[in-house]
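So you know, we letter chains A, B, ... as the sequences are listed, proteins then strands, and number each from 1.
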Protein chains: 2
Amino acid sequence: MTPIVESFVLHFGEMGSRWGFNRTVGQMYALLVVSKDPLTANQLAEELNISRGNVSMGIKELQSWQLICTKHIPGDRKEYYLALGSIWDMAMKVFEERRKREVDPTLSMLRGALLQKSGNDKDAYAQEKLHEIHDLLETVTTWSHELQSMNPDKLNTLMKLGSGVGKVLDFKEKVLKKSS
Amino acid sequence: MTPIVESFVLHFGEMGSRWGFNRTVGQMYALLVVSKDPLTANQLAEELNISRGNVSMGIKELQSWQLICTKHIPGDRKEYYLALGSIWDMAMKVFEERRKREVDPTLSMLRGALLQKSGNDKDAYAQEKLHEIHDLLETVTTWSHELQSMNPDKLNTLMKLGSGVGKVLDFKEKVLKKSS
DNA sequence: CTAAAGTTTCAATATTTTCTGAAAGTTTAA
DNA sequence: TTAAACTTTCAGAAAATATTGAAACTTTAG
């Protein structure tokens, strides 16, 4: 690994734990992302100085996140691994996967709690709060689903527009009112 | 704790680790959120069955996230704790804090790596990828900053609009073109 | 079918993170 | 100033998580 690649890989490893996977999985993924050519499990183990078994588990994890794919080279029995898709695709995958793991279970727990009859004052207050949290999470999840289903170019336009989107909303209101 | 509150507190504790703090901190926060009246450190320790020292550390953590505040009751020497602001405020705080911890350090690492002269082909390819990641993270951070600076009502309108926002963007284009 | 090349599994070990509780620190009423 | 009431700190214990490596498993060329 060159110094540039190494510092990226190490940083991504540390960050990995915050982003939902462990250090070595983060490092493996980082290395695959910046490698033009696919790598074998043994190459990963060697470059990162980790055990072959650990690489095998890491690969399984990255596959469960659908972040890497396998490539076979004719006449070679080894499996080669490759980061999947564009940076944009990767970001979407991570985002989606985290929503599944962090938000969805909470939403279903909240739905359950809101179905219970509140027995007393304390419960009534608690349920009010749970309701607010539920509604917020639901709005945000629905929204993020919809954003993800948008064409990436349009989404990019939207993001670049930034808070300017407020003006566009006003603008639409105004024009609609005039024409009515 | 009533059963409803307890299941919320336990769930939030487990989830807490995914959301950036540890189990007991998550539980403490959950309990404060659904409690109408402020609680003392001792009450937290007792309700959650954790040590007084752990509560003290948890409080410090929650304060560093600016998620709770202190209240004094006249004639009482104890400190009372209270979840801060509305659910919306809380979500914003958590979101912002996570951005600071998860994204900002990566952005500065990437900026550093992009300043290096790439020595060879491998580095050149790696830097291309780093560049893409950098640009994406920057766009997203800037956008989220701007969304956060918007008036919450407008932001809510925007979210409820969902992917319909694409149509509004088209609409604006069309009207502007006509009038030019 | 056999054995070589490769991959996965998982019990044991190492590392990291969290939690406890006793001691030290702080504040205030008297 | 003192001591009671309360809070914080932090070294060590406990719990959770990650990692290794050897054995078991799988695949395929011959």
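Computed from coordinates, the Met28(B) CE to dT18(C) P distance equals 14 Å when rounded to whole Å. Atom CD of Glu61(A) and atom P of dT8(C) are 14 Å apart (whole Å). Look at CZ on Phe21(B): it is 18 Å from C1' on dC19(C), rounded to the nearest Å. Remark: C1' of dC6(D) and CD of Glu46(B) are 16 Å apart, rounded to the nearest angstrom. Between Lys78(B) atom NZ and dA4(D) atom P the separation is 17 Å, expressed in whole Å. A straight line from CD1 of Ile50(A) to C1' of dA18(D) spans 11 Å, rounded to a whole angstrom. At whole-Å resolution of the value, NE2 in His72(B) and P in dA29(C) are 12 Å apart. Summarising the geometry, the separation between CG on Asp76(A) and C1' on dA29(D) is reported as 14 Å, rounded to the nearest angstrom.
Of the charged side-chain nitrogens involved, at least one lies within less than 4.0 Å of a carboxylate oxygen, so that Lys154(B) and Asp170(A) count as a salt-bridged pair. A salt bridge does not link Arg52(A) with Glu46(A): none of the charged nitrogens is closer than 4.0 Å to a carboxylate oxygen. A salt bridge does not link Lys93(B) to Glu96(B): none of the charged side-chain nitrogens sits closer than 4.0 Å to a carboxylate oxygen.
Put simply, Asn22(B) has a side-chain N or O that comes within less than 4.0 Å of OP1 or OP2 on dC19(C). Side-chain nitrogen and oxygen atoms of Asn54(B) include none within less than 4.0 Å of the OP1 or OP2 phosphate oxygen of dT18(C). Between dT9(D) and Arg52(B), no contact under 4.0 Å exists linking OP1 or OP2 to a side-chain N or O. For Lys60(A), a side-chain nitrogen or oxygen approaches OP1 or OP2 of dT9(C) to under 4.0 Å.
Each of Ser51(A) and Tyr81(B) was matched to the nucleotide of DNA chain D holding its nearest heavy atom; the match closer to the 5' end belongs to Tyr81(B). Mapping Ile59(A) and Asn49(B) onto DNA chain C by nearest heavy atom places Ile59(A) closer to the 5' end of the strand. Positionally, the nearest nucleotide of DNA chain C for Tyr80(A) lies more toward the 5' end than for the other of Met57(A) and Tyr80(A).
Side-chain atoms of Ile4(A) and Leu130(B), non-hydrogen and from C-beta on, do get closer than 4.5 Å to each other.
Of the listed nucleotides (dT19(D), dT8(D), dT7(D)), dT19(D) has the atom at the smallest distance from the side chain of Thr24(A).
A tilted orientation is assigned to the rings of Tyr29(B) and Phe12(B), their planes being inclined by 30° to 60°.
Contact of Arg77(A) with dT27(D) (side chain to base): a donor-acceptor pair of N or O atoms is detected under 3.5 Å.
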